[in-house]
Amino acid sequence: MAKSTVERAKASEASSTSKSEEGDIQRTELVDTYRLMLRIRRLEESVYKKFHEAKIGGYLHRYDGQEALVAGVVPQLQIPGDYILSTYRDHAHALACGTTAKAVMAELMGRATGCAGGKGGSMHLIDPDNGFLGGDGIVGGPVPISLGVGWALKYRQTKNICVCYFGDGAMNQGGVHEAFNMVGLYKLPILYILENNQYAMGTSVERSTGQPDFVLKAKAHGITGERVDGMDVLTVREAAARAIAHIREKGEAYFLELTCYRYVGHGIGDDNTGGQKNYRTEEEVADWKMRDPLLKLRDTLEARGFLTTQDVEKMEAEIKQEVDEAIAFAEASSEPPLDSLYENVYSE
Amino acid sequence: MAKSTVERAKASEASSTSKSEEGDIQRTELVDTYRLMLRIRRLEESVYKKFHEAKIGGYLHRYDGQEALVAGVVPQLQIPGDYILSTYRDHAHALACGTTAKAVMAELMGRATGCAGGKGGSMHLIDPDNGFLGGDGIVGGPVPISLGVGWALKYRQTKNICVCYFGDGAMNQGGVHEAFNMVGLYKLPILYILENNQYAMGTSVERSTGQPDFVLKAKAHGITGERVDGMDVLTVREAAARAIAHIREKGEAYFLELTCYRYVGHGIGDDNTGGQKNYRTEEEVADWKMRDPLLKLRDTLEARGFLTTQDVEKMEAEIKQEVDEAIAFAEASSEPPLDSLYENVYSE
Amino acid sequence: MATMRYQQALRLAMTEEMERDPNVFLCGEEVAQYQGTYRVSEGMLQKFGPNRVVDTPISEIGIAGMATGAAMVGLRPIAEFMTWSFALEAMDVLVNHAAKITYMSGGRIKCPVVFRGPAGVGTQLSAQHSQSFESWYAHAPGFKVVLPYSAADAKGLLKTAIRDNNPVIFMEHAGLYGQQGEVPDDPEFLVPFGQAAIRREGSDITLVSYSRGVSLCLKAAEQLAKDKIECEVIDLRTLVPLDMDTVIASVRKTHHAVVAQEEWRNVSMVSELSARIHEQAFDDLDAPVERVGGADVPMPYAKNLESAAIPTERDVIAAVKRALA
Amino acid sequence: MATMRYQQALRLAMTEEMERDPNVFLCGEEVAQYQGTYRVSEGMLQKFGPNRVVDTPISEIGIAGMATGAAMVGLRPIAEFMTWSFALEAMDVLVNHAAKITYMSGGRIKCPVVFRGPAGVGTQLSAQHSQSFESWYAHAPGFKVVLPYSAADAKGLLKTAIRDNNPVIFMEHAGLYGQQGEVPDDPEFLVPFGQAAIRREGSDITLVSYSRGVSLCLKAAEQLAKDKIECEVIDLRTLVPLDMDTVIASVRKTHHAVVAQEEWRNVSMVSELSARIHEQAFDDLDAPVERVGGADVPMPYAKNLESAAIPTERDVIAAVKRALA
Ligand SMILES: Cc1ncc(C[n+]2csc(CCOP(=O)(O)OP(=O)(O)O)c2C)c(N)n1
Ligand SMILES: Cc1ncc(C[n+]2csc(CCOP(=O)(O)OP(=O)(O)O)c2C)c(N)n1
Ligand SMILES: [Mg+2]
Ligand SMILES: [Mg+2]
């Protein structure tokens with residue numbers, strides 16, 4: 001989807017969209033945004049079950065509640081050309097880049113047909129052909145890498161950009177600051193998206209930072225930025241459009257802090273052990289769910305007459321089928337051959 | 001010197017000194033400050049010769065031009081009790097803490113009588129009994145350590161503080177940012193002194209930072225700070241007094257960026273190869289020398305009648321003797337015994 | 001004696017030492033309010049309060065610096081790495097500071113700090129989270145390197161580590177946290193460093209390992225006993241200091257040895273053990289020392305590949321058969 | 001053929017490869033305007049401009065990330081660490097990212113990056129600056145590990161490293177920078193990885209080393225020749241991949257071996273070499289393989305202690321005498 005030329009055209013329109021024009025954005029584009037968020041939500045909702053069936057192993061981090069952060073940004077990118085980096089909480093990013101649900105689900109199940117041939121797993125989804133340079137199991141890990149990707153884009157004198165996602169907890173990693181400073185110094189075309197879902201595992205932002213204004217932390221290294229509501233995908237779209245335009249024109253980085261919330265536990269362990277009780281209340285979770293990005297956009301779309309209940313039911317059915325087929329595909333796929341254990345340690 | 005009770009009393013006075021009262025600071029204290037700067041200058045001037053005589057080896061970093069940064073701060077500390085950490089450019093810090101010129105020179109020559117028994121050398125002078133926790137060969141290295149020292153002081157509910165020196169280049173080290181953030185979060189009694197001598201080896205500040213306001217970088221982590229003229233020891237004294245009072249009262253960190261200049265090369269290699277020609281002009285060096293902290297204080301003292309030419313000549317003679325004796329002592333001292341090679345890998 | 005899990009034994013060791021010495025404190029990610037990622041520190045915040053059980057930001061350099069600096073001025077910190085993989089971020093503080101300050105200061109500074117946390121392979125945690133690097137820490141002088149296998153050792157070695165005046169690399173195996181064992185209640189129960197434990201006596205071949213590798217060897221020994229092959233199983237407990245006397249005495253008796261670990265085999269602890277046994281018991285050996293280790297690849301995610309990358313008792317048995325062939 | 005210093009040969013390799021391939025660039029601290037801390041990149045800024053010879057802040061994590069990320073999208077970066085000691089700061093990027101991305105991506109991402117710089121002991125640079133950790137990099141899968149001894153290899157191996165599609169750990173010995181040697185001018189002169197060089201032929205004992213350790217062995221061999229002891233001296237050139245065939249073939253001929261390196265001996269490359277030789281040539285050995293390595297202590301500053309900590313040809317000679325005793 002993100003690859004279609006239509007999208008690419010729209011992306012450039014979007015880049016020059018001002019608040020007033022926002023209302024005129026084509027129906028299809030907004031509906032596609034809703035569809036993407038719904039695809040992410042439904043896919044995420046399916047994975048815990050597969051874990052409990054021992055079809056998925058390892059760590060498993062879901063994106064429920066944060067959908068707007070990718071749906072409001074990635075469709076505006078030029079893929080191929082632009083690059084995306086994210087954390088271990090990366091299923092949504094892969095889907096948004098255009099990785100099929102089948103390739104994602106097969107990777108989660110460690111099958112040869114997975115986007116990383118089964119060698120990466122949930123934290124390491126990757127799809128270079130679609131611009132997705134992968135998740136990363138190390139907090140803050142993608143940020144020093146983004147510096148190199150941004151450097152390459154500038155070195156090659158392209159107009160492309162790198163979008164790098166990372167969490168609020170990652171702001172406390174030294175490597176992030178080294179990279180920010182160098183990105184500020186070299187003026188590299190990178191869009192930083194801070195997924196501020198309020199917690200790093202069980203540690204709230206207040207309990208982990210000496211100074212909670214993350215935009216100031218970016219500014220301290222020479223990177224402009226702003227904080228916007230990450231629960232409203234239209235707001236995210238606008239901010240991303242502004243940011244992307246700024247980057248492509250000025251050829252320098254931009255920092256977006258998107259406030260959002262993670263509905264489920266940090267990872268499946270957190271849900272299984274009920275560890276969440278140690279750091280947040282059910283009321284708090286409920287309050288944030290009132291601001292659900294999918295409900296919000298659906299209301300807008302229905303109000304504007306862009307979407308009917310029937311449309312949504314149809315969409316739900318299509319997506320259910322997509323997810324079911326992805327699961328069936330993954331389960332039917334074979335594990336990587338044993339002799340591939342020693343393959344890919346090196347490239348030819 | 002820094003250990004005397006007189007000093008301790010004065011230190012507390014100093015802590016409450018305001019600009020207006022500055023004029024009344026006792027003669028002895030200012031004269032001691034001048035003497036300390038002169039001792040540092042003369043000792044530093046003696047070391048290259050010893051290197052060329054192959055009496056001193058390894059790297060060798062001098063403090064000429066930056067004397068005010070230690071002479072304006074360390075005498076105000078409560079030693080023992082307070083702690084000091086510095087970089088590999090650490091001869092001045094050791095002297096200011098009260099380490100004898102003999103123990104310093106013997107360490108530079110790798111003798112058993114050195115402050116580290118000859119095992120540390122120029123970059124690793126250390127003298128815990130005098131509160132000096134050592135130089136550090138790693139850029140930014142002292143800063144994460146200072147976090148632990150500050151933590152211990154708070155943990156023990158003392159009113160003591162830790163003073164941590166580091167260079168402008170160190171601001172680009174991730175560990176410095178991790179530590180700053182935690183110091184801001186935990187509110188620890190640490191005075192950070194950024195020795196901004198304009199260059200990190202051959203790299204000027206402008207060529208190494210995305211945003212040159214270092215005070216803002218500290219603020220971004222919740223640490224208050226200010227930038228002051230490090231070429232004027234009285235200004236440094238005042239700022240340090242303010243900072244120390246703030247830390248002891250509020251129990252939280254303070255950041256001082258002291259602008260200064262390194263007269264000689266980064267290290268002796270830089271002087272030998274003439275590498276300096278690649279990054280700075282002789283004019284620039286000459287301009288900064290016009291602002292020499294020793295000349296400036298001497299003028300003030302002579303103007304105030306605190307110091308006569310005769311006093312200075314006497315002081316020079318005493319210091320020359322001190323340095324000569326230190327060299328004689330070091331040269332007469334024996335190398336560490338060979339069987340000490342395997343000692344001190346572990347403590348009992 | 002009480003039966004408890006390895007994980008509880010670790011908690012007991014920390015609790016007893018914190019009760020004994022007010023200079024001991026614990027810091028790390030999620031150790032306090034969250035009760036520990038693996039519940040090792042469960043209840044300790046409630047017992048000792050936030051000044052002694054300290055949650056940190058996700059800043060491994062900061063954590064290592066906090067612990068090292070505090071140790072340099074007389075506290076006895078225990079720093080938890082959520083997993084040892086993340087200690088890679090703090091390598092400069094660990095190797096260039098904690099491990100060297102005593103030597104660089106000519107012995108004037110002590111650095112009594114324990115760095116601890118889960119190490120080794122979990123279950124499908126992929127390449128970045130399935131490793132432990134004990135071989136690295138054993139290579140760099142200045143550390144003591146400790147990897148408990150039994151629940152009793154988890155307690156006794158951790159208490160010794162906390163009382164040691166040097167930086168101790170204390171690696172717990174996540175796969176052993178749930179393992180039950182008999183643990184002495186005695187608050188003075190200390191397991192000395194540098195004394196290997198003979199977990200099983202045997203006369204035909206010596207199996208040397210540590211941490212979870214010991215269980216591979218014990219399982220293999222059981223199997224082999226059925227074929228009348230009697231293995232002596234040695235648990236090193238600490239890699240630095242290393243108890244070669246026990247190993248060599250056993251090899252002089254059995255004339256055969258297999259050294260085993262779960263981690264990557266190339267340039268590792270089993271390489272060192274093999275070299276030393278050959279050096280010190282060459283004439284007693286009837287066959288070269290056999291090494292068992294993990295596959296030299298980043299850990300794959302897929303269950304079948306992961307299983308293939310981790311050594312099992314079958315690999316130990318095969319090595320024994322090669323040695324005795 | 002031209003006579004030039006090791007250091008110049010490195011510069012020539014980088015210059016030729018940058019002329020050949022616009023995707024190659026050099027970044028690091030003081031590599032450009034300052035002309036290189038050890039003058040390795042002297043003149044390259046003037047020749048290639050600031051986009052291809054890039055000064056960085058003192059940010060090793062940033063440098064490693066810059067090089068790794070750029071390599072992931074098709075550039076061929078050469079990142080210089082001012083010394084390998086400082087790479088400790090970037091260990092996570094090196095080991096958990098550069099070395100693993102190809103495997104974690106199932107081969108979908110290539111990472112053609114060279115990390116290079118001076119390694120090993122200098123002259124009285126103290127504990128934090130006198131070390132190189134090649135044994136660590138050889139332990140962690142995903143790297144190629146290269147340590148040139150001769151000026152010709154400095155050129156030929158670096159060119160091969162730059163053209164390799166994988167992360168290469170390229171360690172230069174500061175003590176060899178000034179060493180002269182004959183270096184082929186041929187811009188296609190490449191020294192393949194995994195092919196050891198026999199620096200001297202001999203029939204009595206095999207000496208295996210790399211980097212500056214080779215010169216210790218050659219000096220020892222000269223001395224020993226006077227006592228009619230003929231040593232075969234093997235320069236491994238690359239530790240990963242490792243050319244054991246050449247080593248084993250030699251040992252089968254000489255029946256004795258000494259493995260030598262300058263770095264800490266415990267759990268190191270010489271441990272691995274000893275283990276492998278014993279495993280692969282046990283029956284051909286008349287005596288156990290002898291290891292020569294640096295003292296297992298942080299490097300002391302004092303000249304006499306430093307000299308005592310670094311192995312010399314005397315240590316190699318002593319080891320040979322033990323082996324032949
Ligand atoms: C360097 C490092 N330290 C610790 C961890 C363990 N860990 C994994 S996720 C996580 C929390 C990260 O929180 P945040 O950055 O806010 O991202 P979020 O999970 O909220 O999306 C931690 C501590 C890690 N993976 N890497
Ligand atoms: C982590 C690390 N990287 C690089 C070096 C090499 N190095 C030593 S001093 C120095 C310059 C430091 O400049 P600055 O911090 O401004 O301190 P100054 O020398 O000016 O006092 C560099 C790059 C080092 N010692 N440590
Ligand atoms: Mg978060
Ligand atoms: Mg400087």
Side-chain angles (χ1 to χ4, degrees), chain B residues 54-60 88 107-112 114 116-124 135-141 167-175 200-205 207-210 266 269-270 273 275-276 278-279 334-345, chain D residues 28-39 42-43 45-46 50 54-65 82-83 85-90 92-93 121-131 174 264 266 294-310:
Chain B
K55 297 256 171 61
I56 295 175
Y59 294 137
L60 192 56
Y88 43 83
E107 189 58 38
L108 298 189
M109 295 196 194
R111 307 307 170 104
K119 280 182 169 155
S122 166
M123 299 192 289
H124 302 288
D136 191 328
I138 299 303
V139 168
D168 46 284
M171 285 302 294
N172 304 318
Q173 280 284 310
M201 272 185 80
T203 307
S204 65
V205 168
R207 297 204 305 122
S208 66
T209 186
H266 166 70
D270 198 18
T273 63
Q276 294 169 72
N278 295 317
Y279 63 89
S334 55
E335 295 182 308
L338 275 183
D339 55 23
S340 68
L341 177 64
Y342 288 92
E343 289 168 12
N344 309 131
V345 176
Chain D
E29 295 157 17
E30 309 295 353
V31 297
Q33 184 184 324
Y34 194 74
Q35 308 297 311
T37 305
Y38 290 86
R39 295 284 182 274
E42 190 163 33
L45 169 65
Q46 287 67 11
V54 187
D55 277 327
T56 67
I58 308 170
S59 305
E60 285 74 15
I61 305 174
I63 293 165
M82 195 177 279
T83 85
S85 289
F86 312 142
L88 286 173
E89 314 250 354
D92 172 74
V93 180
V121 294
T123 50
Q124 290 189 267
L125 303 185
S126 308
Q128 292 177 325
H129 289 68
S130 310
Q131 54 201 352
W264 298 312
N266 198 41
D296 288 309
V297 302
M299 189 59 69
Y301 167 76
K303 203 181 203 67
N304 66 325
L305 294 184
E306 185 185 60
S307 308
I310 306 166

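Below, read A as the first sequence line, B as the second, and so on, with proteins coming before strands; counting in each chain starts at 1. The figures here come from the full heavy-atom set of this structure, side chains too, leaving out hydrogens, waters and symmetry mates.
- We find the CD-CD distance between Gln173(B) and Glu89(D) to be 4.5 Å, quoted to the nearest 0.5 Å.
- Remark: His129(D) NE2 to Tyr59(B) OH distance equals 5.5 Å, nearest 0.5 Å.
- Contact tally against chain D (heavy-atom pairs below 4.5 Å) for Ile138(B), Ile56(B), Val139(B): the top residue is Ile138(B).
- Every salt bridge (charged side-chain N to carboxylate O under 4.0 Å, His left out) that Lys55(B) has, sequence neighbours left out, goes to Glu53(B), Glu331(B).
- Of the atoms belonging to Met201(B), heavy atoms from both backbone and side chain fall under 4.5 Å from chain D.
- For the atom pair CD1 (Ile61(D)) and CG (Asn172(B)), the distance works out to 12.0 Å, reported to the nearest 0.5 Å.
- If you measure heavy-atom distances from Leu60(B) to chain D, you find no contacts under 4.5 Å at all.
- Closest non-hydrogen pair, Ala295(D) versus Leu341(B), comes out as CB-CD2, 4.1 Å.
- Contact annotation for Met171(B): neither backbone nor side-chain heavy atoms come within less than 4.5 Å of a heavy atom of chain D.
- In terms of non-hydrogen atom pairs under 4.5 Å with chain D, the most contact-rich of Ser122(B), Pro337(B), Gly121(B) is Gly121(B).
- One distance of note links OG1 of Thr203(B) with CD1 of Ile58(D); it measures 7.0 Å at 0.5 Å rounding.
- Contact between Asp270(B) and Tyr34(D) at its shortest, heavy atoms only, is OD1-OH, 2.6 Å.
- In this structure, the separation between OG on Ser340(B) and CG on Asn304(D) is 7.0 Å, given to the nearest 0.5 Å.
- Looking only at distances, no side-chain donor or acceptor of Glu335(B) sits under 3.5 Å from a matching main-chain atom of Ala302(D).
- Contacts between Asp136(B) and chain D at a heavy-atom distance below 4.5 Å involve backbone atoms as well as side-chain atoms.
- Within the 4.5 angstrom heavy-atom criterion, only backbone atoms of Thr123(D) (N, CA, C, O) approach chain B.
- A distance of 8.0 Å separates CD of Glu107(B) from OH of Tyr301(D), quoted to the nearest 0.5 Å.
- Between His124(B) and Ser126(D), the closest heavy-atom pair is CD2-CB, 3.6 Å.
- There is no contact between Arg111(B) and chain D, counting heavy-atom distances below 4.5 Å.
- Looking at heavy atoms from C-beta onward, Met123(B) lies out of side-chain contact with Gln128(D) at the 4.5 angstrom threshold.
- Counting heavy-atom pairs closer than 4.5 Å to chain D, the top-ranked of the candidates Gly120(B), Gly175(B), Gly174(B) is Gly120(B).
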